[in-house]
**Student:** 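If you scroll down you'll find the structure; I have some questions about it.
Starting from 1, each residue takes its place in the sequence as its number. Atom set for the values below is all heavy atoms of this structure, side chains included, hydrogens, waters and symmetry mates excluded. Model, not experiment: these values are computed from the prediction.
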Amino acid sequence: MLNRRHLLAFAAAGAALAASGVATAAPPAQTASDPAEAAKLNALLDRIFAESLATSPLLATYLGIDKDENAAAKSQLDSLSPEALARNEAMTRKAQVDLEAIDATKLTGMDAVNLATLLYAGGTQVMGYDRYDFGNRAGANPYWLHQLGGAYRDVPDFLDTMHTIETAEDAEAYLSRLEAMAVLMDEETALVTADIGKGVVPPDFVLDRTLVQLRAFKAPAAAENDLVGSLVRRTGEKSLAGDWAARATAIVSDRIYPATDRQIALLEAQRPTATHDAGVWRLPNADGYYAFGIRNYTTTSLTGDQVHELGLTQVAEISARADAILKAEGRSEGTVGARLAALGKEPQFVYPNTDAGKAELLEALNAQTEAMQARLPEMFNNLPKSTVDIRRVPPAIEAGAPGGYYQGPSLDGTRPGAYYINLRDTAEWPKWTLPTLTYHEAVPGHHFQIAIQTEAQGIPMVRRILGFSAYSEGWGLYAEQLADEMGVYEGDPWGQLGYLQSLLFRAVRLVVDSGLHHKRWSREQAIRYMVDTLGDQESSVTTEVERYCVWPGQASSYKIGHTEWLRLRDQARAALGDRFDIKGFHDTALASGGMPLEVLADVVGQWTATQRA
């Protein structure tokens with residue numbers, strides 16, 4: 001039922017499936033759900049989670065429950081074989097039919113939220129299965145292998161950060177997963193080959209970036225590959241006797257590197273005839289694919305034109321606010337983007353691009369996180385128990401990786417949340433841009449929201465691990481604005497400018513995402529628009545644009561989600577007046593778990609009605 005787009009890699013302590021009911025901060029129902037219908041729904045949600053767990057060893061490890069009855073999962077990876085893909089599709093279709101058989105009129109409160117959320121998620125997946133025959137059909141991901149996705153990129157980091165090693169059995173399981181990685185890569189190669197036969201080939205620049213990363217992955221001698229190093233380091237730390245280095249090196253050399261060579265050869269063969277056109281509009285039989293991407297990532301039915309116009313409007317509004325700050329600080333010559341670019345190059349704002357400079361940057365991020373953590377009770381009653389680490393994106397994948405991203409904690413609490421920052425070049429991170437990134441990725445942004453969701457009581461496990469980009473990324477931007485409203489930038493115009501540039505960046509994404517996939521912009525046109533509007537480094541902008549090309553619609557989820565979070569807050573405040581409680585609003589919307597924006601609107605609406613009563 002659930003694919004990896006929906007499964008957030010996080011969890012909270014206490015791994016038992018919770019019965020569906022009204023969560024502590026969720027909107028109470030005026031009447032209770034029909035007991036029989038609620039029981040029917042709860043049993044179905046338990047089944048969906050159990051099926052997802054049984055078919056995804058990755059999920060078991062993400063959640064930190066790859067032990068005891070789930071111990072077999074620790075030596076396996078998810079499969080992309082034809083049989084596995086067919087099984088997953090059948091499970092999804094069956095679950096959707098069963099969900100649609102539930103009588104929604106007999107459910108209230110959290111039961112109603114649970115049903116509406118799962119219906120939307122499953123309905124979107126079935127839509128992809130029905131309409132398209134290429135890429136990951138359950139989500140708007142047209143290419144199996146690219147600079148942001150593929151076993152070569154995902155598995156090494158997964159094994160290093162999530163596959164725990166405490167015993168010799170854990171190390172043996174690691175070796176088994178290395179074997180499985182080679183199998184998975186060949187399964188990917190088969191899927192890419194099949195899609196090539198249908199005329200589905202990434203743009204030439206995506207092939208180039210992916211080839212750079214594949215070659216970098218294979219560049220070290222097998223014994224020096226991080227896959228070997230991670231196992232050797234951690235078995236050494238635990239004093240686990242065994243010939244781990246030699247055995248892992250043999251698998252990398254004899255199995256994984258040849259599989260990598262096959263992927264490189266396949267992409268190299270496509271490069272001479274690959275198109276430079278960037279958008280998914282050029283793909284065969286792809287009518288409506290961008291609209292599908294918008295539904296998939298933003299949980300709205302906005303059209304490409306509507307997304308584009310919203311972006312242009314918000315770019316103009318935010319640019320005007322940034323212009324006022326720049327002028328007040330004596331920077332009045334040139335466009336807003338040109339002035340931001342010049343400001344970002346001033347030596348006082350740039351960390352040295354050295355190991356020492358990068359260490360200093362990370363130290364500053366940790367200090368910002370600690371300072372915000374101390375102020376969270378000003379805006380929230382419920383605080384998460386999980387902590388968050390700040391880490392550098394692994395250098396092996398930093399060339400194509402995003403600027404920052406978040407990875408959630410494990411269910412058992414042994415692995416904290418982590419926010420990653422790409423430090424390939426510190427010039428991409430002027431000092432005045434960093435506080436806002438911290439508030440987005442850590443607290444009160446992604447880590448706060450995801451930890452609250454997984455620690456929430458009264459919602460079933462499948463809802464604790466279900467994610468929607470517009471909800472979570474919209475919250476991330478809302479958290480940035482909340483920090484500004486809390487006064488963190490008082491007396492710091494540069495910090496507030498960084499906050500506005502972040503908002504501007506996400507508004508620009510609306511324009512560029514719809515420009516590429518709906519307006520048929522070229523890669524170069526998108527890059528130039530972003531550089532001119534934002535003043536960002538062309539290197540970082542290029543990575544961004546190429547990201548949008550392989551995830552149509554995802555880049556729009558941030559600002560669309562943020563706009564809706566603000567609309568709902570303003571609507572509740574207008575309705576309640578002096579009775580509006582910002583802590584209650586936050587606690588309610590977060591404790592109810594990730595959901596489509598239309599379901600979030602219902603949750604906030606019910607809470608507002610209850611507060612009025």
**Student:** I'd like to know if Arg375 and Glu370 make a salt bridge, using a cut-off of under 4.0 Å between side-chain N and carboxylate O.
**Tutor:**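 No, no charged N to carboxylate O under 4.0 Å.
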**Student:** Can you list the steps and then say if Glu346 with Arg331 is a salt bridge (charged side-chain N to carboxylate O under 4.0 Å, His left out)?
**Tutor:** CA-CA 12 Å; Glu346 292 187 16; Arg331 272 78 168 179; 2.7 Å; yes
**Student:** Taking all non-hydrogen atoms of both residues into account, name the closest pair between Thr210 and Gln147 and its distance.
**Tutor:**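 Distance-wise, the nearest heavy atoms are OG1-N, 3.0 Å.
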**Student:** Centroid-to-centroid, His440 to His446, below 6.0 Å?
**Tutor:**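 Under 6.0 Å, so yes.
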**Student:** If we ignore angles and hydrogens, is there a donor and acceptor under 3.5 Å between the side chains of Glu544 and Tyr548?
**Tutor:**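 Their side chains do contain a donor-acceptor pair, which is all the 3.5 Å distance test asks for.
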**Student:** Counting only N and O atoms by type, is there a donor-acceptor contact under 3.5 Å from the side chain of Asp204 to the main-chain atoms of Arg271?
**Tutor:**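 Not at all, since once roles are kept as given, no pair shorter than 3.5 Å links the two residues.
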**Student:** Is a salt bridge present between Glu378 and Lys583, judged by a nitrogen-to-oxygen distance below 4.0 Å?
**Tutor:**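 No.
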**Student:** Taking NZ, NE, NH1 and NH2 as the nitrogens, is one of them in Arg339 or Glu329 under 4.0 Å from a carboxylate oxygen of the other?
**Tutor:**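 Glu329 and Arg339: not salt-bridged.
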**Student:** Looking at Arg509 and Glu473, is any side-chain nitrogen of the basic one under 4.0 Å from a carboxylate oxygen of the acidic one?
**Tutor:**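 Looking at Arg509 together with Glu473, the answer is no, because their closest N to O distance does not fall below 4.0 Å.
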**Student:** Using a 4.5 Å cut-off on heavy atoms from C-beta on, say whether the side chain of Met486 contacts that of Met372.
**Tutor:**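 Result yes, sub-4.5 Å side-chain heavy-atom pair found.
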**Student:** Can you check whether Tyr297 and Trp551 have ring centres sitting under 6.0 Å from each other?
**Tutor:**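 Ring-ring flag for Tyr297/Trp551: false, centres at least 6.0 Å apart.
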**Student:** Establish, yes or no, whether a centroid distance under 6.0 Å links the rings of Phe158 and Tyr62.
**Tutor:**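 Yes; Tyr62 has its ring centre under 6.0 Å from that of Phe158.
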**Student:** Kindly give the heavy-atom pair with the smallest separation between Thr542 and Arg209, and that separation in Å.
**Tutor:**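 In terms of heavy atoms, the two residues are closest at CG2-NH2, 3.6 Å.
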**Student:** Check the pair Tyr419 / Tyr406 against ring pair (Phe, Tyr, Trp, His ring centres under 6.0 Å), numbers first and verdict last.
**Tutor:** CA-CA 4 Å; Tyr419 124 52; Tyr406 174 79; 8.3 Å; no
**Student:** Indicate the atoms forming the closest heavy-atom contact of Gln481 with Tyr499, along with that distance.
**Tutor:**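 Here Gln481 and Tyr499 meet closest at CG-OH, 3.3 Å.
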**Student:** Take Trp494 and Tyr489 through the ring pair (Phe, Tyr, Trp, His ring centres under 6.0 Å) test and state the conclusion after the steps.
**Tutor:** CA-CA 8 Å; Trp494 304 126; Tyr489 301 121; over 10 Å; no
**Student:** So, are Lys519 and Asp305 salt-bridged, with charged N and O less than 4.0 Å apart?
**Tutor:**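 Looking at Lys519 and Asp305, the cut-off is met.
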**Student:** Hey, is CG on Asp226 packed in by over 12 heavy atoms from elsewhere, all under 6.0 Å?
**Tutor:**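 Counting other residues, nucleotides and ligands, CG of Asp226 stays at 12 neighbours or fewer.
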**Student:** Evaluate the criterion side chain to side chain donor-acceptor pair (under 3.5 Å) for residue pair Glu546 and His146; output intermediate values, then yes/no.
**Tutor:** CA-CA 10 Å; Glu546 292 176 353; His146 49 81; over 6 Å; no
**Student:** Without hydrogens or angle criteria, can the side chains of Tyr290 and Asp513 be said to hold a donor-acceptor pair below 3.5 Å?
**Tutor:**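 A pair is found: one side chain offers a donor N or O, the other an acceptor, under 3.5 Å apart.
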**Student:** Count the heavy atoms belonging to other residues, nucleotides or ligands that lie under 6.0 Å from CD of Glu333, then report whether that count exceeds 12.
**Tutor:**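 No, the 6.0 Å shell around CD holds no more than 12 heavy atoms from other groups.
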**Student:** Check whether any side-chain heavy atom of Thr608 lies under 4.5 Å from a side-chain heavy atom of Phe580, and answer yes or no.
**Tutor:**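 No, every pair of side-chain atoms sits at 4.5 Å or beyond.
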**Student:** At their closest point, which heavy atom of Leu148 faces which heavy atom of Asp154, and how far apart are they?
**Tutor:**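 Closest heavy-atom pair between Leu148 and Asp154: O-OD1, 4.3 Å.
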**Student:** Quick one: which of Arg233, Arg391, Arg415 gives a salt bridge (charged side-chain N to carboxylate O under 4.0 Å, His left out) with Asp160?
**Tutor:**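 So, applying the salt bridge (charged side-chain N to carboxylate O under 4.0 Å, His left out) to Asp160 and each of Arg233, Arg391, Arg415, only Arg233 qualifies.
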**Student:** What do you reckon, is CD of Glu363 surrounded by more than 12 foreign heavy atoms closer than 6.0 Å?
**Tutor:**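 Atom CD in Glu363 is not packed in, count stays at 12 or less.
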**Student:** Could you tell me whether the side chains of Tyr152 and Gln213 share a donor-acceptor contact shorter than 3.5 Å?
**Tutor:**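 A pair is found: one side chain offers a donor N or O, the other an acceptor, under 3.5 Å apart.
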**Student:** Before we go on, tell me: are the rings of Tyr471 and Trp565 under 6.0 Å apart, centre to centre?
**Tutor:**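 For Tyr471 and Trp565, the ring centres are under 6.0 Å apart.
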**Student:** In sequence, state the C-alpha distance, the side-chain angles, and the governing distance for Glu455 and Arg464, and then conclude on salt bridge (charged side-chain N to carboxylate O under 4.0 Å, His left out).
**Tutor:** CA-CA 8 Å; Glu455 294 170 9; Arg464 296 194 199 183; over 6 Å; no
**Student:** Are the aromatic ring centres of His586 and Trp475 under 6.0 angstrom apart?
**Tutor:**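 When the ring centroids of His586 and Trp475 are compared, they turn out to be within the sub-6.0 Å range.
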**Student:** Can you name the closest pair of heavy atoms from Pro444 and Leu482 and give their distance?
**Tutor:**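 Answer, listing the atom of Pro444 first, then Leu482: CG-CD2, 4.5 Å.
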**Student:** Check step by step if salt bridge (charged side-chain N to carboxylate O under 4.0 Å, His left out) holds for Glu428 and Arg424.
**Tutor:** CA-CA 8 Å; Glu428 294 179 359; Arg424 63 192 161 208; 3.1 Å; yes
**Student:** Please report the closest heavy-atom contact between Gln449 and Ser472, naming both atoms and the distance.
**Tutor:**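 Minimum heavy-atom contact is OE1-CB, 3.3 Å.
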**Student:** Cation-pi check for Phe217 against Arg153: NZ or CZ below 6.0 Å from the six-membered ring centre and within 45 degrees of the axis, yes or no?
**Tutor:**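 No, a cation-pi geometry is absent between Arg153 and Phe217.
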**Student:** With Arg295 as the cation and Tyr120 as the aromatic partner, state whether NZ or CZ is under 6.0 Å from the six-membered ring centre and within 45° of the axis.
**Tutor:**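 Pair Arg295/Tyr120 counts as cation-pi.
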**Student:** Pairing donors with acceptors under 3.5 angstrom, does anything connect the side chains of Ser502 and Glu480?
**Tutor:**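 Judged by distance alone, the side chains do pair up.
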**Student:** Using a distance-only test with no angle check, is there a side-chain donor-acceptor pair under 3.5 angstrom linking Gln554 and Arg547?
**Tutor:**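 Judged by distance alone, the side chains do pair up.
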**Student:** Looking at Tyr351, I'd like to know if the NZ or CZ of Lys358 sits under 6.0 Å from its six-membered ring centre while staying within 45 degrees of the ring's axis.
**Tutor:**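 The answer is no; the distance or angle limit is not met.
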**Student:** Run the side-chain donor-acceptor check on residues 311-318: report pairs under 3.5 Å with partners two or more places apart or on a different chain.
**Tutor:**
from	atom 1	to	atom 2	distance (Å)
Thr313	OG1	Glu309	O	3.0
Gln314	OE1	Lys559	NZ	2.6
Gln314	NE2	Thr563	OG1	3.1

**Student:** Mind running side chain to side chain donor-acceptor pair (under 3.5 Å) on Gln496 and Asp484 for me, showing each step along the way?
**Tutor:** CA-CA 7 Å; Gln496 188 169 62; Asp484 180 54; 2.9 Å; yes
